[in-house]
Amino acid sequence: MSRPKNLFWNPIVRREALTRMRSARTMLLLLGFLAILGAVAYAAYGSQVNANTNVFQVSRAGITVFVALAGTVLALITVVVPGLTGGAIAGERERQTLDLLLCTRVHPWRIVVGKLTGSLLFILFLLVAALPVLSVVSLLGGVQLSDILIVIAAGSMTALALGALGILASCVNRRAAGATLSAYVATFLFFAVPPLIGAIGQASHPNGVVTGGASFGYMTSGGGGRALIAGGPAPFPIPGASRILGPSGPPVVDMLSPVVSISGTLSTLQSQANCATFSGFGGPPICTAADQVTDGAFNGWHYWQVGLLFQGILALVCIALSVLVLRGRVPRTRRGERVAG
Amino acid sequence: MIDARHLVRRFGTHIALSECSFEVDRGTIFGLVGPNGAGKTTTLRILAGLLAPSGGTAFVDGIDVGADPQAARERVGWMPDFFGVYERMTAAEYLSFYADCHRVPARRVPAVVADLLELVNLADRAATPVDVLSRGMKQRLCLARSLVHDPSVLLLDEPASGLDPRARVELRELLRELRDMDKTIVVSSHILPELAEMCTSFGFIHGGRMIASGPLEAITGPIERSSVRIEVGGDAATAERLVASLAEVHAVRCDGQVLDIELNGPHETTSAVIAAMVRSDVPIRAVAPRTSSLEEVFMQMTSTDVGEHGVRLQR
Ligand SMILES: Nc1ncnc2c1ncn2[C@@H]1O[C@H](COP(=O)(O)OP(=O)(O)OP(=O)(O)O)[C@@H](O)[C@H]1O
Ligand SMILES: [Mg+2]
């Protein structure tokens, strides 16, 4: 009764989708998600456009709305993903279904990947449901397709990395509640530690220049060098990079990280919008290109690219560790230990 | 079919299983009997490939469970002593999910699920959410789950706990049916009478050791004494004296009208006692075995072995 080996065979994904769609919590989550996005879009649009708005300003408004929406989506993903994945495996353990799964023909790696996929598919479902809200941006214009694609790539990778982190937390914890809590703590550290190191680095090098602290700008710049946000704190939790340059010569601290600073200033956003508006006319970028790594192993890479790479690596490491933890519960091949009988 | 060789399992310094060996032949129902904490669940989990033994080897259908757990899993159906159910899922969906997990071909799944629900008498509950089923129903559903991939070996950990008397009888019938389908079944329990009626061979486990295992006759053979309880009418004291004087009787205890008689031989010796009572016109109201022969074996074995090995096998 064996089927041909299929890399994508995973009964867990289907079961997750089935039971999740029947939960009342799912509907509440969806409604909340749409309500928040709608409110943000409305507020951002209203702050930019009125009866006297000219054509330049409308396309600038498009950027503002886009930045606000993308940031909100990413922030919501950050909040939702650890909650979805934190309890995934620990919950199975709590329901005592983990052992039942482990003694079927679903290999531990399929359990880990299935749980992760199940959670990420739910995020995708939320995003698809939010498409009407997000498409408002395209009506306003001013945003290039490449910008949107980069935000999608960065957002997906953030969800993947955070999801894998949550699954790992779920594998090492006995209880679902503890697992969810540690998933959130891990997420917090994931965002908080790099800026902390940056702050320490900056404090110890008073003459240093901090660049890349607001990685959101690097992501949305689309690699065209049109936007500049250097040194300003990022208003949204977004993957990227941040580096501290010494007064002269090579960087003192090099960090590639999602950087968060909820208390970021709107002026950062505004300067980005201004940059993008002018470059939108095809002229030379007025803003200085500062979204590329200028030396080291990643010389010439855009920060968002490096961010993507590092989050991908983090995700793979977390998945591998999770599988190892789960496998520890199942006998391994130990041919050498056979006792003569 | 099952061959456990010198299984050892330690949990930290605690030794849950120590040199546990036994064999189960194809097509038998094997009763794994032992008091709480004897190591029954540990043994079954090792056989199911869920727990690595600290020493020894377990073979299922000739496959070394530790070396090739995947192959062993295809042949083993495991029903643990807990349910493990998901919320917001019907009984039929629950079984289909595990059928999928065992790679039962998709087109066969609906038929397999329907057959199994029929087999465990839950056909009318196919659309009921699993988490609202009664305990006994969950128990039966879990038995069905362990059968989704048509395993040749069934490992059932206390399958009768929580079942009402009628359901127990049904379970017994069901297991016999499965045995007739050429399945090898291991059933654990600490309630002997429950197993005595359905098992054809037994393993007595105590303090992590297999004290005795094999077909019933092979185990009960060395037993020299059995006991019987006879309720008499009339003068019980006279009857007691009469019975005590018989050569077949080892000891008698009189409690009101009831004589508890310990015999110098197997249960068949009872007929000699009754014959003597009938000859002397002692009115007999009722005759009952005081305990099952199995229980006696178990009691004798555990009482003699406790001193030597101890329940705790720590150094
Ligand atoms: N995961 C574990 N960690 C530590 N000790 C364990 C673990 N599992 C079992 N034990 C110990 O191993 C011994 C045997 O346990 P096991 O569950 O096999 O007993 P059992 O015969 O199934 O008992 P019961 O009739 O109560 O189900 C017990 O002393 C138990 O405390
Ligand atoms: Mg047990």
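A note on names: the letters A, B, ... follow the listed sequences, proteins ahead of strands, and every chain is numbered from 1. The structure presented is a predicted model; accordingly, all values stated were derived computationally and were not measured.
Under a cut-off of 6.0 angstrom, the local environment of OH in A/Y42 is sparse, with at most 12 non-hydrogen atoms contributed by other residues, nucleotides or ligands.
Of the atoms belonging to B/E93, it is side-chain heavy atoms, and not backbone ones, that fall under 4.5 Å from chain A. Heavy atoms closer than 4.5 Å to chain B are found in the side chain of A/E92, but not in its backbone. There is no contact between B/V8 and chain A, counting heavy-atom distances below 4.5 Å.
A cation-pi arrangement is present between A/R20 and A/F122 under the rule of less than 6.0 angstrom and at most 45 degrees off the ring axis. A cation-pi arrangement is present between A/R15 and B/Y86 under the rule of less than 6.0 angstrom and at most 45 degrees off the ring axis.
In this structure, the ring of A/F188 has its center no less than 6.0 angstrom from the ring center of A/Y184.
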